[in-house]
Each structure stands twice: as structure tokens, then as C-alpha cells.
Amino acid sequence: MSQSVSLSLFSILKSHTTKEEMEWLDSIPKMHLESVMTAFVKAPRHLSKTIIQTPIGIGDLIPEVPGFTVQDWNLVRLSRVWLLSFFAQLPKEQLVQKIETLFDTAELNELVALFSALPILPYPDVWLPRATDAVRSNMGFVFDSIALCNPYPFFHFPELAWNQLVLKTIFNSKPIALIYGISQRKNKNLSESIFDFIRERWAAGRDIPSNVWLLVSPYISETHLPFLKRLFLSQKEEDVMAASLLCSESSLEPIQDLFNEHPKYKDEIQKGKWNWSNFMTVC
Amino acid sequence: MCDQNSSTNNPSHFENQNTSKEIPTHVDLRWDEYKESIKGFKFFDPHIHMVSRTTDDYQNMAQAGIVAVIEPAFWVGQPRTGLSSFKDYYSSLVGWERFRSSQFGIKHYCTIGLNSREANNERLAEEVMEILPLYIYKEGVVGIGEIGFDDQTDLEEKYYRLQLELAKEAKLPVQIHTPHRDKKRGTERSMAIALEHGLDPSWVVVDHNNEETVKSVLDQGFYAAFTIYPFTKMGNKRMVSIVEEYGSERIMINSSADWGISDPLAIPKTAALMVSRGISHEVIRKVTYENAIEAFAKSGQLDVSDFENGFSADPSDKFHGNSVLRGGQQPKWNQNSLFID
Ligand SMILES: [Zn+2]
């Protein structure tokens, strides 16, 4: 896997670098670990912060790593992740030791690159404590690098850690739509935490993003009727739409009764005009 | 090694308090008396250990016109027990401390190195040398420092030489700490070794100079830095005389303020004294601002436009989600008021 990852990343690098920048990247002795580590740190001394634009509609950038994307990274970040891809061929013990050292000595931007690289590193379980720590740690950019547009949590986080990630994204008013695999990892515990959270927010007179309701959609019961009623009263059309979608997914009688009070949306949903994907732009 | 503790109970910028004849000048001047005379000046302190200073200091420094500082890695007083504490310390120099400084509108750079005192713990020194390359290339690291001699032991020499090579390879300026004891010999030895390793003296800042060392340092083409530090190093009256005698070329002033009795306003105070002694503004500007920039900009990591016209602190800014200015505090407040609102 590692070699094809390196090659894929390199081809994107090539289209974003100047001649001098490429010369520097070429000059790094890729088989010499210490040189690669130093290059990882000194990348900003040789590279610009050009923003990476991958061709639109490219789908999965690297077939072996679903969901992995480098869109909107800067050149330094991409180069760092590319450099880390050369570590993948090391024996496990050595690989872990080198990557841990980079983590221990990293400044903010280096941490972002390290977390961005987790999906392409072997032995994914080894990085789990680092990754869940990053979610806990309140570092803005670092949190984003693990939580948003990064497939590692979807594939490797246990439920508790996954739920923490999602809750914290909502709590920090970041876009949950950018969490890779968000729709596929709904679960009962998460939905209960979200109902608690919504209760709290509403008690404080504060809003919640309409797409958060997607996460509770399979778990609506009669006890949630007050939530739905309140949602139908919202001034925001998306809220009313979310309430309608929740109703449309339930066969419970009192919920259907409520739905019937809003025939316009019922009709449009049945005609296929609306579904949860209207709330989500995927990264 | 065993008597290390007994022979090194005098901190890096602070020694022989009782034997010094120097009268501290810093208490003779009051802020109210001299602040008007340096209005409009911008100052750059190329040697200050903010890790051991308070936010009060940052406020006062900003008000006195200090717009940028360099924090060299140094001996924090407490001996280190492992590599991790080095990592945390270096990380704070490029991370938290830089952020804290920015909250007061002061641009913060650093130099990274293994301090001479710490070179004497060989096992730890070896480990530190392995991770140094991961720090010296980070953004905003403007040199290798402060390195050099303290007790002038063989181990100090070994790691001094290794770090000079590192500086050459990384194309970074070097900031040399000269010893308190046997200073003249230590300074000559530091310079000779730097030249032996092929360093361009204009890339080397020799620090903590005095009347005994300045001529040789300047004659050999090095930068001569002077630390205005009460009791032990230079008083600023002496400093004024040195500027009068040697001019402003390759001379710079710093505070080396740290956890000892030191003064983060040493530069503005010295500038005020120079103004009162009739030294030209151009000369004052060179020794308190321009020369330091000229020396450390060789790193390619120092951009004058980052601080020349000031930058406003954004109190809502966060570092790792943490703020220095808690609950809407402002970077400046009235310390003279009895009320703490
Ligand atoms: Zn110092």
C-alpha cells in the first residue's frame, strides 16, 4: 500500500510546486530516516503554503484509503504527509518510535500533518490514544485535522470515542457534515446524548444546527414528541424540514398524526424532493 | 560530576552578589522620569527568558516600546531529569510562550540549543542532540543558542563544537553565552573555536560582554551583545560609556531577564540614559533595535514587517483552546489603581 500512496501524493505535489520546491523535495534522501524527519520539520523553509486543489469529481483519491482527501490542505501539510508515507515500510517498532518522536516534538502545524497522515499509516490501532487525545485537547486546528474530512475515526474509533468526537464537533459549532462517515455511525447512545444536549441548549435559549437531527433519526419514539412539536414551530425552514423527515421515518401513530398536520412537507418528502442529504455537503 | 551541585549553585545570569561593587542603576530611575524621553522608540530585546517572567512584564515591556524579543533556550534553574522536560521546554519556546507574547503585541522568536551547564550531563546531552534538529528548523527559530562555556569543561567544549556544526549545516546564526568566571579566557576560547569550525563571525553573537572583552570581539568581526543586568553583569551607565567609546557598529543591548533579579525594561532604561547623555537617536536605534535584527535575520526566520508597525493583540485569540486573557481581560489595565476590577 505505502508505495502507491506515496506515488499518488507525489503526483498531486508535482502539480502544485515550483521548480525550486520540487528540487528540494527530490533532494531528500527518502531512505535515511533522520533526514526525512528533519525534512518534515523544515518543510516551511523550502515550500510555500500554496493551497492544494484536487480535480473536482475525483472520488476517492487513493482507492486503498477510502475517504482520504487532501483538498484545501496547503503544500507544506501535503509534503509532510507525503514524507510520512515513506515510514510505512519500516519494521513496526522503528516506525512507532519515529512517529512518536515527531508527535512529542511537534508544534501546531506539525501536529495537523501527523493527524492528517493517520489514515495512511500502518498499524492503525497504535495511533488510537493519540487520535482520541486530539479530540479531547481543544486545539482548534488539531481537532479539525482528526475530526473533519479524516476517515481514521470512522474506521478505527470505538463507539465511545466516536460519540465524543461527534458531540464535541456539535458543541464547538463545527460542521458535522464534514465528519467522514457521519451518517453510517449513528447509534443509540449517541442519540441519547444528543437529546440531552438539545434539551440543554434549548433551556439556555440557544439554537442547534438543523442537520444534527439526522443523528437521532432511527431512534425517535413517542417520548420525543415534545421535541418534534417544538421543531415544527421553528422559524427556520430547515428545522421544520428536519422535523418532517423524522416523522416520515417513523410508523408510530402519534408521530404520524403530528406529521399529518404538515401536509405540504409530507407531500414533498413522499415525492422525493427532500432527504437528509439536503442537509449535508460531504467532504 | 559529583560536586556539580556545590560548584554550580550560582545561576546563569546571577552570581557573586556579595562581592560585586556595582551599584544598581535601575532603582535610581523612575519610569515617570524617563518614559517621555524615549517616546516613539521601538526596541528589540534579543535575549530575554520570558518563561520565567510574568504577564505584568509583558504589559510593561509593550508600554515601554519593546516590539519583539528573542528567547534563547537556557538553564531553567532546576536540573532536568529526562529528555521529556527538554522537549516540553523547547516546545514551550516555539508554542505557548510565543502565543502569550503575541497577546501583548510583542513578536516572540527563539534560539534553540543545549545550554553549556546542561552539556555536563553526558547521557542526557546525547539524547538532546538527537532531537535538536527537530527543533532548530521550526518556524521562528532564529538561531542556535545560547551555547558556549560555563565551567569550561571538556563536555561543554564537545557539545559546543557539535552545535556549531549544526548551526553551519542549518545556516543559522549562533548566540554564545560567555562564562561568568574567567570570562576573558572563555570568550577568547569560544571565538577561537567558532573560527576553527569555519563560522563566519558575522553570524555569531557573543553575549554578556564587558569592558574587558568588547574590543577583541569587535576586532574579530563578531557581534558584541551586552547584558544590562543588575549587580552581576553590565550596569547601564557603563554601557553608555562603551557606546560612546566604540560606536554602534555590531553592538547590541539585551536584558537577559530571567528568574534572577533582573529587569525586562533594561533596554528602554538604557536608551533613556543614552538620550539624557546626548547620544544620537540613530546610534541608540542601532544598539537597541537594528543590529539585533540585522544579526538574526540571517536565519531567514525573522520578518521585520511582523512587528515594525506593531500588531494588535487579539484578546479572543486562543492557543490550543486556552487563552491568557481570561474572561475578556484586556492586554493593558491600570496597575496603579487600588481596585482590581
Ligand atoms: Zn540567557
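Predicted model only: the values in this text are computed from it and were never measured. The analysis underlying the following values was restricted to heavy atoms, covering all of them including side chains, and did not include hydrogens, waters or symmetry mates. Just so it is clear: chains get the letters A, B, ... in the order the sequence lines come, proteins before strands, and each one is counted from 1.
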Quiz item: cation-pi between B:Lys107 and B:Phe307, 6.0 Å / 45°: no

Electrostatic pair B:Arg161:B:Glu165 at N-O distance under 4.0 angstrom: no

Structural part of B:Lys87 lying under 4.5 Å from a heavy atom of chain A: side chain

Basic-acidic side-chain contact under 4.0 Å: A:Glu200, A:Arg206: no

Heavy-atom pairs under 4.5 Å with chain A, option from B:Tyr90, B:Tyr135, B:Tyr137 with the top count: B:Tyr137

Atom group of A:Ala43 that falls short of 4.5 Å from chain B, counting heavy atoms: neither

Interchain contact, B:Glu130 with chain A, by part (heavy-atom threshold 4.5 Å): neither

N-O pairing of B:Arg98 and B:Glu71 below 4.0 Å: no

Chain B contact via A:Glu34 - side chain, backbone, both or neither, heavy atoms under 4.5 Å: neither

Intermediate values then yes/no, ring-ring contact (aromatic ring centres under 6.0 Å, His included), A:Tyr123 and A:Trp127: CA-CA 8 Å; A:Tyr123 318 111; A:Trp127 320 117; 7.9 Å; no

Heavy-atom proximity to chain A below 4.5 Å, by part of B:Ser92: neither

